[in-house]
Amino acid sequence: MPSEFDIIRQYFIFENTRADVVLGIGDDAAILNVPENHELIQSVDTLVAGVHFPIETPAEDIAYKALAVNLSDMAAMGAEPAWLTLAITLPNDDEVWLKKFSESLSSIAKKYNVQLVGGDTTHGPLCISITINGFVEKGKALTRSNAQVGDRVYVSGTIGDAALALAAWQGECLLTDSSVEHLNRRLNRPIPQVELGLLLREYASACIDISDGLLADLEHITIASNVGAKINFKDIPLSNEFHSNLTDEELIIPLVLSGGDDYELCFTLPKEKQCDFNSRILELGISVSCIGEIESKSGVRCLLNNKEVNIQELGFQHF
Ligand code: ADP
Ligand code: MG
């Protein structure tokens with residue numbers, strides 16, 4: 001049976017790809033070099049088996065998502081992700097599982113140029129906690145608190161795919177053959193919008209990543225900024241795969257407005273920056289959609305066919 005140290009050495013020491021890691025795994029702590037005139041941006045997310053993902057989720061999906069959701073927080077702050085630590089609690093020393101987990105984590109870390117610089121390995125019910133660190137030039141980080149009346153509200157990508165995949169997984173609906181792969185990928189392999197987050201430092205007044213649901217997360221922006229927002233349901237981008245499963249508005253609305261897990265960005269932009277922003281977005285090939293506007297009246301309202309969607313009826317809850 002491998003010792004804790006064997007596990008660390010075999011599965012959690014990845015090739016170092018970053019010059020700013022002065023000392024990585026192996027000592028009592030890591031030593032990291034934050035570039036001059038930059039601020040450290042740090043966030044942690046914990047995934048508990050049976051709570052945040054089904055126990056039978058493949059190890060490679062767990063590893064991918066654990067890091068992807070953390071990278072998404074960096075994107076929402078406009079930060080350049082750099083280093084992560086991993087606190088992992090393992091129920092056993094299943095080396096097949098560990099190998100898959102390790103390869104998947106290493107591969108996504110490499111893709112986003114983030115280095116695993118330390119962690120903690122313990123025994124108990126499966127739980128993965130990743131702390132991500134990144135940096136932004138001093139004073140340039142995006143926050144939730146600076147949306148201004150008249151700013152336009154945007155989202156990236158498409159909304160509701162992950163919630164639909166989750167509903168299908170829970171047996172609430174069946175997915176069409178042609179859409180099932182795409183939708184499951186949206187749930188298990190969300191793509192963190194890191195590149196968009198970096199661009200938004202020049203344009204956005206506020207930004208958040210959509211983890212709890214579009215309305216809930218936009219509401220976080222409005223509360224932090226002391227404003228309100230009005231969005232148009234018809235402007236919310238939905239994927240073809242989503243549409244191929246659902247046409248009934250009564251079913252679509254709750255998934256799109258309060259389903260979570262998309263890890264797209266929701267952000268606000270001064271009106272006069274829209275034109276310049278749109279051309280940069282086109283150059284980069286990133287998809288974004290303007291879905292509404294910030295207003296002074298508090299709360300988030302969603303309009304459909306000139307009527308306000310009754311959010312209470314959706315079972316929408318404040319967190
Ligand atoms: P200590 O007893 O001083 O806390 P550990 O024995 O827990 O140290 O860890 C030894 C080294 O291995 C440390 O550098 C630690 O950051 C690293 N480490 C432990 N577990 C992990 C893990 N799951 N992933 C990455 N690094 C780890
Ligand atoms: Mg120590």
Side-chain angles (χ1 to χ4, degrees), residues 1-35 38-75 77 79-135 188-192 194 209 211 263:
M1 214 170 97
S3 71
E4 182 195 316
F5 189 68
D6 289 337
I7 290 179
I8 297 168
R9 200 179 46 210
Q10 222 173 324
Y11 300 107
F12 297 122
I13 298 187
F14 302 156
E15 182 197 349
N16 185 18
T17 54
R18 297 189 61 101
D20 50 18
V21 178
V22 181
L23 186 63
I25 292 171
D27 214 302
D28 290 307
I31 307 176
L32 307 163
N33 220 338
V34 180
H38 286 66
E39 284 165 323
L40 183 70
I41 311 291
Q42 186 182 69
S43 164
V44 62
D45 254 307
T46 301
L47 300 181
V48 180
V51 178
H52 301 101
F53 58 89
I55 307 264
E56 63 271 25
T57 307
E60 49 272 45
D61 285 345
I62 300 171
Y64 177 93
K65 193 159 174 180
L67 182 49
V69 301
N70 276 282
L71 290 168
S72 177
D73 284 322
M74 292 290 103
M77 300 298 291
E80 189 177 329
W83 315 294
L84 69 130
T85 57
L86 166 71
I88 189 164
T89 306
L90 296 164
N92 53 51
D93 57 4
D94 178 346
E95 294 207 56
V96 175
W97 191 96
L98 274 166
K99 185 164 186 286
K100 287 183 178 157
F101 182 92
S102 159
E103 283 173 1
S104 175
L105 187 68
S106 160
S107 143
I108 175 173
K110 203 167 176 181
K111 180 162 182 205
Y112 288 90
N113 192 24
V114 289
Q115 183 69 40
L116 180 62
V117 296
D120 199 15
T121 306
T122 50
H123 185 252
L126 181 62
C127 175
I128 291 111
S129 186
I130 287 182
T131 300
I132 189 105
N133 296 274
F135 46 80
N188 294 323
R189 301 271 169 153
I191 297 174
V194 175
D209 67 325
S211 52
Y263 296 98

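Atoms considered below: every heavy atom in the structure, side chains included; atoms not considered: hydrogens, waters and symmetry mates. Numbering of ligands and ligand atoms starts at 1, following listing order.
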Chemist: Counting each atom of ligand 1 from 1 as listed, which ones have a heavy atom of Ile25 under 4.0 Å away?
Modeler: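 Those qualifying, in numeric order: 12 (O), 14 (O), 17 (C), 25 (C), 26 (N).
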Chemist: So, Gln115 side chain and Glu15 main chain: donor-acceptor pair closer than 3.5 Å or not?
Modeler: yes
Chemist: I'd like to check which ligand 1 atoms, numbered from 1 as shown, lie under 4.0 Å from a non-hydrogen atom of Gly118.
Modeler: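 The atoms of ligand 1 under 4.0 Å from a heavy atom of Gly118 are 16 (O), 24 (N), 25 (C), 26 (N), 27 (C).
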Chemist: Considering Leu23, Ile130, Asp28, Leu116 one by one, which has a heavy atom nearer to atom 1 (P) of ligand 1 than any of the others?
Modeler: Asp28
Chemist: Heavy-atom pairs closer than 4.0 Å: do any link ligand 1 to the side chain of Asp27, the backbone, both, or neither?
Modeler: backbone
Chemist: Rounded to the nearest 0.5 Å, how far apart are CH2 of Trp97 and CG of Asn92?
Modeler: 9.0 Å
Chemist: Is it the side chain (CB and beyond), the backbone, both or neither of Ile88 that lies under 4.0 Å from ligand 1, heavy atoms counted?
Modeler: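 Answer for Ile88: side chain.
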Chemist: What atoms of ligand 1 come closer than 4.0 angstrom to any heavy atom of Gly26?
Modeler: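 Every atom of ligand 1 under 4.0 Å from some heavy atom of Gly26: 11 (C), 13 (C), 14 (O).
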Chemist: Given that the side chain starts at C-beta and the backbone is N, CA, C, O, which of these parts of Ile8 lies under 4.0 Å from ligand 1, counting heavy atoms, or is it both or neither?
Modeler: side chain
Chemist: If you count heavy atoms of other groups shown closer than 6.0 angstrom to CD1 of Ile191, is the number above 12?
Modeler: no
Chemist: What's the spacing between Lys111 NZ and Leu71 CG if we round to 0.5 Å?
Modeler: 10.5 Å
Chemist: Does this structure show an ion pair linking Glu103 with Lys99, if we count only N-O contacts that are shorter than 4.0 Å?
Modeler: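 Yes, charged N to carboxylate O under 4.0 Å.
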Chemist: Against Leu126, only a single residue in Ile62, Thr89, Leu47 fulfils side-chain contact (heavy atoms from CB on, under 4.5 Å); can you say which?
Modeler: Ile62
